[in-house]
Amino acid sequence: MSFYLHYGYMPDGDVIHLCHNPTCSNPLHLTAGTRSENMMTSYYSGRLQRKLPLQDLPAIVARCKTPADMKEVAAEYGCTYTAVRHMVRRHKQVG
């Protein structure tokens with residue numbers, strides 16, 4: 001809402017919080033961007049789990065066809081099944 005009130009439109013993609021605080025409503029901290037840009041800024045700010053290297057995500061998404069595949073990837077990267085499932089679903093939306 002803050003973005004809309006300040007800039008006069010809602011972007012087709014995401015509103016990105018440049019301060020990396022999702023509850024921030026300061027319009028100077030908000031910018032329009034794509035889902036991919038939003039994920040990248042979240043990743044590099046440390047807000048997303050870094051156990052899944054960003055450069056590996058395309059291969060991980062291609063590999064994770066079943067829950068068993070996701071559990072196997074989670075074991076390899078030392079993270080949770082839920083984290084893998086979340087990243088695979090989000091990355092499929094981007095690509």
Side-chain angles (χ1 to χ4, degrees):
M1 185 54 79
S2 176
F3 184 94
Y4 177 77
L5 292 173
H6 186 75
Y7 296 105
Y9 75 99
M10 284 304 292
D12 292 332
D14 288 4
V15 174
I16 299 173
H17 292 84
L18 299 174
C19 61
H20 308 296
N21 178 0
T23 62
C24 177
S25 60
N26 182 340
L28 300 178
H29 295 177
L30 306 175
T31 188
T34 65
R35 167 66 68 186
S36 181
E37 290 168 335
N38 200 2
M39 286 181 64
M40 293 290 282
T41 59
S42 293
Y43 178 82
Y44 287 114
S45 73
R47 291 187 54 79
L48 293 179
Q49 190 173 22
R50 292 179 186 244
K51 291 183 179 180
L52 295 175
L54 199 57
Q55 65 272 15
D56 293 355
L57 282 178
I60 290 171
V61 169
R63 179 178 166 193
C64 290
K65 305 268 188 248
T66 68
D69 297 336
M70 291 182 203
K71 288 177 184 173
E72 191 175 290
V73 168
E76 285 178 27
Y77 284 91
C79 60
T80 66
Y81 161 80
T82 304
V84 173
R85 186 185 68 191
H86 173 76
M87 291 303 293
V88 167
R89 286 182 178 174
R90 290 301 220 175
H91 194 73
K92 280 183 180 177
Q93 291 176 4
V94 172

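All heavy atoms count here, side chains included; hydrogens, waters and symmetry mates do not.
Counting heavy atoms from C-beta outward, H17 and T23 have side chains that stay 4.5 Å or more apart. In this structure the side chain of I60 never reaches within 4.5 angstrom of the side chain of M87, judged on heavy atoms. Put simply, the side chain of V84 reaches to within 4.5 Å of the side chain of C64, judged on heavy atoms.
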Using the side chain to side chain contact (heavy atoms under 4.5 Å, CB included) rule, take L30 and S2 through it: C-alpha gap first, then chi angles, then the decisive distance, then the call. CA-CA 8 Å; L30 306 175; S2 176; 3.9 Å; yes
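When the side chain to side chain donor-acceptor pair (under 3.5 Å) test is applied to R85, no partner is found at least two apart in sequence or on another chain.
Note that CD1 of I16 and CD of E37 are 5.0 Å apart. Values are rounded to the nearest 0.5 Å. The line from NZ of K71 to OG1 of T82 is 10.0 Å long, rounded to the nearest 0.5 Å.
Counting only residues at least two apart or on different chains, the salt bridge (charged side-chain N to carboxylate O under 4.0 Å, His left out) pairs with a member in residues 13-29 are D14-R35.
Looking at every heavy atom in both residues, A32 comes nearest to F3 through N-CE1, 3.7 Å. The shortest non-hydrogen separation linking M70 to V88 is CE-CG1, 4.4 Å.
Within 6.0 Å of OH on Y7 lie more than 12 heavy atoms contributed by other residues, nucleotides or ligands.
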